[in-house]
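Index from 1, following the sequence. Side-chain atoms are counted along with the backbone in the values below, which use heavy atoms only and exclude waters and symmetry mates.
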Amino acid sequence: MSKEAFFPVGHVEQFLPQIGRVVEAGGRELAVFRLSDGRIFAALNQNPHPKGGPLAEGIVSGHYLYDPLYDWKIDLTTGLVQAPDSGQVPMFPVKVEDGQVWIAASALQEV
């Protein structure tokens, strides 16, 4: 059985707490967020709203992302848009090893 492959996307210090950063991995544009507790999440940098838009410019509070264009509240642990709105943002597994942030390659292929 082969081990999961990951793409390196930067050093953990390059991801400022509560501020999104756009990275490219596996041909996809991702929004990476480092929470104030140090956890890191990666999402497709595309709002699920019908008109779309980038997510990296959103405001992070706790584990929620507040979209700047439509004021949608998105749970970064699941990608689910919170009521009264609905939708889901594709999220990608992240690991941090020796200060390097990695995104799971297989998940990038599935989107």
Side-chain angles (χ1 to χ4, degrees):
M1 184 177 285
S2 65
K3 188 175 178 182
E4 171 75 67
F6 283 80
F7 284 98
V9 293
H11 192 273
V12 70
E13 297 305 320
Q14 294 175 298
F15 300 95
L16 300 175
Q18 299 177 289
I19 296 176
R21 180 167 178 244
V22 177
V23 300
E24 188 174 314
R28 306 270 185 217
E29 186 175 280
L30 307 179
V32 178
F33 301 94
R34 181 174 158 202
L35 306 188
S36 57
D37 65 7
R39 291 182 295 164
I40 296 180
F41 294 92
L44 188 64
N45 190 31
Q46 183 176 335
N47 192 310
H49 187 279
K51 293 184 180 178
L55 287 180
E57 297 172 11
I59 298 166
V60 177
S61 179
H63 65 274
Y64 292 103
L65 173 68
Y66 293 86
D67 171 67
L69 296 176
Y70 313 107
D71 199 33
W72 279 16
K73 181 179 178 183
I74 301 165
D75 186 332
L76 290 171
T77 63
T78 63
L80 290 173
V81 175
Q82 304 300 288
D85 304 301
S86 64
Q88 186 165 14
V89 176
M91 302 297 294
F92 302 93
V94 175
K95 72 176 181 176
V96 178
E97 287 183 352
D98 298 324
Q100 178 70 40
V101 179
W102 302 80
I103 309 292
S106 63
L108 295 169
Q109 308 300 320
E110 296 170 8
V111 177

For the student: nearest non-hydrogen atoms of [X] and [Y], plus distance:
| X | Y | result |
| --- | --- | --- |
| Ala56 | Asn45 | N-OD1, 2.8 Å |
| Gly79 | Ile74 | O-CG2, 3.8 Å |
| Pro68 | Gly58 | CD-CA, 3.5 Å |
| Ile40 | Val96 | CD1-CG2, 4.1 Å |

Does a side-chain heavy-atom distance below 4.5 Å link [X] with [Y]?
| X | Y | answer |
| --- | --- | --- |
| Gln88 | Val81 | no |
| Leu69 | Pro54 | yes |
| Gln18 | Arg34 | no |
| Val94 | Trp102 | no |
| Arg39 | Thr77 | yes |

Worksheet item: Same cluster or not: are Val60 and Val22 linked, directly or through other Ile, Leu, Val, Met, Phe, Trp or Tyr residues, by side-chain heavy atoms under 4.5 angstrom apart?
Response: no
Worksheet entry | Cluster check Phe41, Tyr64: I/L/V/M/F/W/Y, side chain < 4.5 angstrom | no
Response to the item:
The single option from Asn47, Asp67, Asp85 that satisfies side-chain hydrogen bond (donor to acceptor under 3.5 Å, both in side chains) with Trp72 is Asp85
Worksheet item: Looking at Tyr66, is Lys73 sitting on its ring face, NZ or CZ under 6.0 Å from the six-membered ring centre and within 45 degrees of the normal?
Response: no
Discussion item. According to ring pair (Phe, Tyr, Trp, His ring centres under 6.0 Å), who are the partners of His11, at least two apart in sequence or on a separate chain?
Written reply: none
Worksheet entry | Among Phe7, Phe15, Phe6, the one residue meeting side chain to side chain contact (heavy atoms under 4.5 Å, CB included) with Val101 | Phe15
Practice prompt. Can you spot which of Leu35, Leu55, Val89 makes a side chain to side chain contact (heavy atoms under 4.5 Å, CB included) with Leu76?
Written response: Leu35
Fill in: Members sharing Leu16's hydrophobic cluster (side chains within less than 4.5 Å)
Ile19
Response to the item:
For Thr78, the side-chain contact (heavy atoms from CB on, under 4.5 Å) test, sequence neighbours excluded, returns Asp75, Leu80
Fill in: Rounded distance [0.5 Å steps], CZ in Arg28 versus CD in Gln46
10.0 Å
Discussion item. One pair to check against side chain to side chain contact (heavy atoms under 4.5 Å, CB included): Phe92 and Leu30. What are the steps and the verdict?
Written reply: CA-CA 9 Å; Phe92 302 93; Leu30 307 179; 3.4 Å; yes
